[in-house]
There are 2 protein chains.
Amino acid sequence: MKCLLNESTEERIKAAAAKIFMEKGFDGTTTRDIAKEAGLNSALMNYYFRSKEKLFAGVFDEMCELFFHGLTEILSQPLSFKEKILALIDHDFKIFRENPALSNFILNELHRNPERLIDIAKKASSIRSTVLEKQFNDAVASGEIRNIDIKHILLLIPANIQFIFISKPLTMKIHNMCESDFELFLDEHIKVVKEMVANYLFLK
Amino acid sequence: MKCLLNESTEERIKAAAAKIFMEKGFDGTTTRDIAKEAGLNSALMNYYFRSKEKLFAGVFDEMCELFFHGLTEILSQPLSFKEKILALIDHDFKIFRENPALSNFILNELHRNPERLIDIAKKASSIRSTVLEKQFNDAVASGEIRNIDIKHILLLIPANIQFIFISKPLTMKIHNMCESDFELFLDEHIKVVKEMVANYLFLK
DNA sequence: AATAAATTTAATCAGATGATTAAATTTATT
DNA sequence: AATAAATTTAATCATCTGATTAAATTTATT
């Protein structure tokens with residue numbers, strides 16, 4: 001019986017699982033939660049995915065692709081280093097804005113379960129690109145970019161993009177923001193971030 | 001029977017709970033985990049704290065005090081706005097460095113359980129201080145501080161201090177850092193952060 | 001020293017959880 | 001149309017979990 005909505009059962013389970021795992025984390029999510037969200041019977045988790053853990057691993061893998069998408073797509077493009085940074089900021093800000101729980105989900109899971117790091121390094125391989133490193137060094141040598149270790153840059157960018165989403169509940173509460181206030185704040189904040197980063201990193 | 005170490009049973013349970021909750025979160029922690037860590041019998045959770053939830057609430061409350069300590073202690077001191085920012089950076093960096101899992105713990109819990117925000121606003125009350133706001137406005141008017149909404153500053157500072165700890169597992173993996181490499185990186189990074197923030201915020 | 005109160009222990013409970021099972025149903029193949 | 005294969009369902013299982021219970025032990029009080 002193919003489902004009512006022309007979506008396969010497997011896909012329905014995965015979509016429901018992604019939603020609930022993102023909200024409640026692995027431990028806080030029961031197979032019955034997922035089944036309810038999908039409108040299916042909980043035995044199907046095991047029929048299609050063998051275990052809750054394997055279902056989670058699949059969801060986590062896909063979310064990591066999304067998390068690192070900016071790095072993999074932007075940093076390998078034929079752009080100057082400066083252009084890459086600005087493009088990365090725009091790209092990542094868009095991704096995280098569309099998936100506000102993503103960062104918290106991935107980073108918390110890495111605290112909870114460091115073994116998942118084993119597979120994750122591959123996805124972040126573009127960070128370790130020697131091409132990028134050489135490009136960076138040339139930009140420093142030409143006086144275009146501030147002379148700091150590239151590792152700091154690769155931390156400053158996600159810090160200033162992701163933290164606002166990680167701290168969203170807190171920020172909204174402290175400043176009494178409704179959802180639309182927060183959206184306006186996001187628009188402003190990304191401008192501040194770009195200005196600050198440019199001001200510090202780009203010397204000419 | 002007072003325990004071997006001259007610490008009360010209640011304190012031993014709380015300390016063990018804080019440790020395990022910080023590692024595994026609420027859902028991932030069992031009362032038996034805590035009992036084992038404390039070297040006690042799990043029925044004592046209920047004897048002393050009535051429930052796992054109440055034990056957690058006590059631990060969470062204390063961790064929030066620590067999380068907001070910089071804000072409550074530094075922002076109310078008789079310092080210029082600029083001095084406050086620099087003092088806050090140093091203070092917070094020290095707190096989070098000593099408690100690297102703190103930020104992830106608090107912020108993830110607020111995602112998982114937004115009801116905890118009800119009590120949290122009180123602890124962050126110094127953020128909403130009219131004294132601070134006036135001081136900030138004066139500093140802007142005198143051309144000392146960049147003219148942006150203070151909310152952005154109150155986000156940039158924790159972003160650049162806390163994110164490095166939230167993303168610690170990932171950063172260490174990506175850059176193949178051992179613990180001492182990471183400590184060195186921290187020393188460098190805080191310098192970069194201070195320089196970037198000063199460069200952007202402080203106009204004279 | 002005897003008694004009361006507090007604390008601790010070990011066993012047990014009721015409900016929840018991931019997983020399994022077997023039957024029912026649907027889809028695919030002959 | 002009959003049969004086989006795949007999918008779904010509902011019940012059940014074994015284990016775990018927070019909580020309770022009653023007995024044992026320790027500490028405090030008289």
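Below, chains carry the letters A, B, ... as their sequence lines are ordered, and counting in each starts from 1.
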**Student:** Taking only side-chain N and O atoms of A:Ser42, does any of them lie within less than 4.0 angstrom of OP1 or OP2 on C:dG18?
**Tutor:**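 Checking C:dG18 against A:Ser42, no side-chain N or O comes under 4.0 Å of OP1 or OP2.
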**Student:** Grab the CG-P distance between A:Leu40 and D:dA6 for me, whole Å please.
**Tutor:**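 Whole-Å distance recorded here is 20 Å.
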**Student:** side-chain hydrogen bond (donor to acceptor under 3.5 Å, both in side chains) with B:Lys54: which residues, sequence neighbours excluded?
**Tutor:**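 Applying side-chain hydrogen bond (donor to acceptor under 3.5 Å, both in side chains) to B:Lys54 gives none.
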**Student:** For C:dT17, does either OP1 or OP2 sit under 4.0 Å from a side-chain N or O belonging to A:Thr31?
**Tutor:**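 No.
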**Student:** Salt bridge between B:Lys14 and B:Glu11, side-chain N to carboxylate O under 4.0 Å?
**Tutor:**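 Looking at B:Lys14 and B:Glu11, the cut-off is not met.
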**Student:** What salt bridge (charged side-chain N to carboxylate O under 4.0 Å, His left out) pairs are there with at least one residue in residues 145-154 of chain A, not counting sequence neighbours?
**Tutor:**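 Salt bridge (charged side-chain N to carboxylate O under 4.0 Å, His left out) check on residues 145-154 of chain A returns A:Arg146-B:Glu195, A:Asp149-A:Lys151.
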**Student:** Distance only, no hydrogens: is a donor on one side chain within 3.5 Å (strictly under) of an acceptor on the other, for A:Ser80 and A:Glu83?
**Tutor:**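 Judged by distance alone, the side chains do pair up.
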**Student:** With sequence neighbours left out, what residues match A:Lys194 under side chain to side chain contact (heavy atoms under 4.5 Å, CB included)?
**Tutor:**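 In terms of side chain to side chain contact (heavy atoms under 4.5 Å, CB included), with neighbours along the sequence ignored, A:Lys194 is linked to A:Ile89, A:Asp90, A:Ile190.
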**Student:** Stem ranges for DNA chain D, with three or more consecutive Watson-Crick or G-U pairs under 3.5 Å?
**Tutor:**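 Consecutive-pair runs (3 or more) involving DNA chain D: C:1-30 with D:1-30.
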**Student:** Whole-Å distance between C:dT9 P and B:Ile13 CD1?
**Tutor:**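 Interatomic distance, CD1 of B:Ile13 to P of C:dT9: 10 Å.
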**Student:** For B:His111, enumerate each residue passing the ring pair (Phe, Tyr, Trp, His ring centres under 6.0 Å) test, keeping only those at least two apart in sequence or located in another chain.
**Tutor:**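 Residues passing ring pair (Phe, Tyr, Trp, His ring centres under 6.0 Å) with B:His111: none at all.
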**Student:** Measure the distance from CZ on B:Arg32 to P on C:dT9 and round it to the nearest whole Å.
**Tutor:**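 That distance rounds to 15 Å.
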**Student:** Provide, to the nearest angstrom, the distance between the CD1 atom belonging to A:Ile20 and the P atom belonging to C:dT17.
**Tutor:**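 Computing the A:Ile20:CD1 to C:dT17:P distance gives 13 Å.
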**Student:** Are B:Phe165 and B:Phe105, when compared by the centres of their aromatic rings, separated by less than 6.0 Å?
**Tutor:**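 No, the ring centres sit 6.0 Å or more apart.
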**Student:** How long is the line joining CG of A:Asp27 and P of D:dC16, in whole Å?
**Tutor:**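 Going from A:Asp27 (CG) to D:dC16 (P), I get 15 Å.
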**Student:** Give a yes or no on whether the ring-centroid distance for B:Phe60 and B:Phe21 is below 6.0 angstrom.
**Tutor:**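 No.
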**Student:** How long is the line joining CD1 of A:Ile34 and P of C:dA16, in whole Å?
**Tutor:**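 Taking CD1 of A:Ile34 and P of C:dA16, I get 18 Å after rounding.
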**Student:** Near DNA chain D, which residues from residues 43-52 of chain B have a heavy atom under 4.0 Å away?
**Tutor:**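 Residues of residues 43-52 of chain B under 4.0 Å from DNA chain D: B:Ala43, B:Asn46, B:Ser51, B:Lys52.
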**Student:** Rounded to whole angstroms, how far apart are CG on B:Asn41 and C1' on D:dT25?
**Tutor:**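 That distance rounds to 13 Å.
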**Student:** Measure from CZ on A:Phe56 to C1' on C:dG18 and round the result to the nearest Å.
**Tutor:**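 These atoms are roughly 16 Å apart.
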**Student:** What about the rings of B:His152 and A:Phe185, do their centers lie closer together than 6.0 Å?
**Tutor:**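 Under 6.0 Å, so yes.
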